[in-house]
2 protein chains.
Amino acid sequence: MSLAEIVDIRGCGERRSLRCGACKGLFGSLSEDERAALERMRRQSSFASKELVFAQGDAASRVFSLSEGVARIYKLLPDGRRQVTGFALAGDFLGLTLMEHHALTAEAIEPTVACSFPRAAFRRLIDGNLVALRRMNQLVTQELATAHERMMMLGRYTAEEKMAAFLLTWRERQGGRGEAADITPLPMSRRDIADYLGLTIETVSRTFTKLERAGVVEIVAGGARIADEARAHQLATASTTG
Amino acid sequence: MSLAEIVDIRGCGERRSLRCGACKGLFGSLSEDERAALERMRRQSSFASKELVFAQGDAASRVFSLSEGVARIYKLLPDGRRQVTGFALAGDFLGLTLMEHHALTAEAIEPTVACSFPRAAFRRLIDGNLVALRRMNQLVTQELATAHERMMMLGRYTAEEKMAAFLLTWRERQGGRGEAADITPLPMSRRDIADYLGLTIETVSRTFTKLERAGVVEIVAGGARIADEARAHQLATASTTG
DNA sequence: CGCCCTATTGACACACCTCAAGAGGTGTGG
DNA sequence: CCACACCTCTTGAGGTGTGTCAATAGGGCG
């Protein structure tokens, strides 16, 4: 009982409504029995920075729900080329594949906490519940829409536009998680940003400098501040004016 | 009655099991009443080549199910830059958004036939049926996985790799729809391919020529043939060997 | 047959990449 | 607490894959 409480406090239980919004949204409609069953299967893990959550090719045995921290999600090519498909924050699900093996790698980029459930059982519970299934549908459909945005960025944006779009959408998702005033923390490395945007680290670095000189952003250690909202927005939407 | 039959033959009814696999998969589990209700709302449309099905920004009033033809799905930037997010074939759904307005444009690229249903009613029926909802979930999740592949292509593949990957995956999806022997029809224009791969028409054209000179493919009017399967596959997966 | 649209090809330009050097920050072990 | 090692980031110089601009060829349709 006391052990359960300790676990709860740091994971999906007690504080679920605060951190683990995804869990709550999905599990809210399950029966008492179902929730108890889930709770029994739930496991909590902590990941240090750079620690793998799961790797491309691994058997997809568990589904994860981030409750704290940030993870990078990426695909690798045989020769080492990398595409970061996204960054996961508290409240995001990881490993929701239909395949038996992961097509993506997930890796913590700062100290991260996640609950996990056996994928098969998780799937079975969701699949048996209309409300949960609708919610899941919403989540995946939403992700697909942002994937389309990403395609536009990757295929048709310039480096400057990519960086502006990245900074704005990242700030948006963080939603005031930033410590000081209006500084958006950037826990990911230049390489992560480069691999997210289809650029090289050098281009990312140079473009940061260029945007800073133009007064659009201000780069500080571990973060950035949007100095010129209008211009940043213009770049991010590839509006030709200006 | 006879009119209904005529409509059926060309649409989602009588021949549904042949062409409109998506409809069948989704609607198979609905009740008699529900299917009858759907049938009453069903409308069938034909689209000439280059005709719009719906446009980015339009109210998303109806959901479409292609039963014949091919459509390009794309996003536009204010200055005309375009990203083709995909090509839709018979059996594919179009306009499955959660938003009130389309974020994508859909346009026929050859004579195309589609059934459509009011989006709200369609959604309501799917959302009330576990089996249909699961199937829908599968479809969207599958699409999300291919979107991740596309990100890798757009961000990290060379022009040559992009073209090889495109040809192979397109041939795969067509699945022997080709007329002659092993020739894969390419109903889309060079511009469509370019905007799909994040290239220009000139680069697409030059890369086709390059691949042809290298003996990898053979370009014929309106189509292509993979001449060197192994090499094409190698390029498409960005395997370094060779 | 002639118009128009699409595809190909060439010459050149440039955005971004590659290679390389150096600065700055951080953690660790003595 | 310092000093070294290591890692990330920045900046520079130069190269290249792909874009741009332009001319020509090919194909379909009225």
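In this text the structure is predicted, and so the values were computed from the model without any measurement. Residue numbers start from 1 in every chain, and the chains themselves are labelled A, B, ... in the order their sequence lines are given, proteins ahead of strands.
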Is there a side-chain contact between [X] and the phosphate of [N], meaning an N or O under 4.0 Å from OP1 or OP2?
X         : N       : value
Thr200(A) : dC16(C) : no
Lys50(B)  : dT6(C)  : yes
Thr209(A) : dT11(D) : yes
Thr203(B) : dG19(D) : yes

Q: Flag the pair Phe64(A) / Phe93(A) as yes when their ring centroid distance falls below 6.0 Å, and as no otherwise.
A: no
Q: Would you name the heavy atoms of Gln56(A) and Leu76(A) that are closest together and state the gap between them?
A: OE1-N, 2.9 Å
(Q) So Ser189(B), base contact, sugar-phosphate only, or nothing? Heavy-atom distance under 4.0 Å. (A) sugar-phosphate
Q: Look at all strands and tell whether Leu199(B) reaches a base, only sugar-phosphate, or nothing, counting heavy atoms closer than 4.0 Å.
A: sugar-phosphate
Q: Output yes when Asp195(A) and Arg156(B) qualify as a salt bridge under the 4.0 Å nitrogen-oxygen rule, no when they do not.
A: yes
Q. Have Gln234(B) and Arg231(B) got a donor and an acceptor in their side chains that come within less than 3.5 Å?
A. yes
Report yes if a donor N or O on one partner sits less than 3.5 Å from an acceptor N or O on the other, where the partners are the side chain of [X] and the base of [N]; otherwise report no.
X         : N       : answer
Glu202(B) : dC21(D) : yes
Arg190(A) : dT11(D) : no
Arg206(A) : dG12(D) : yes

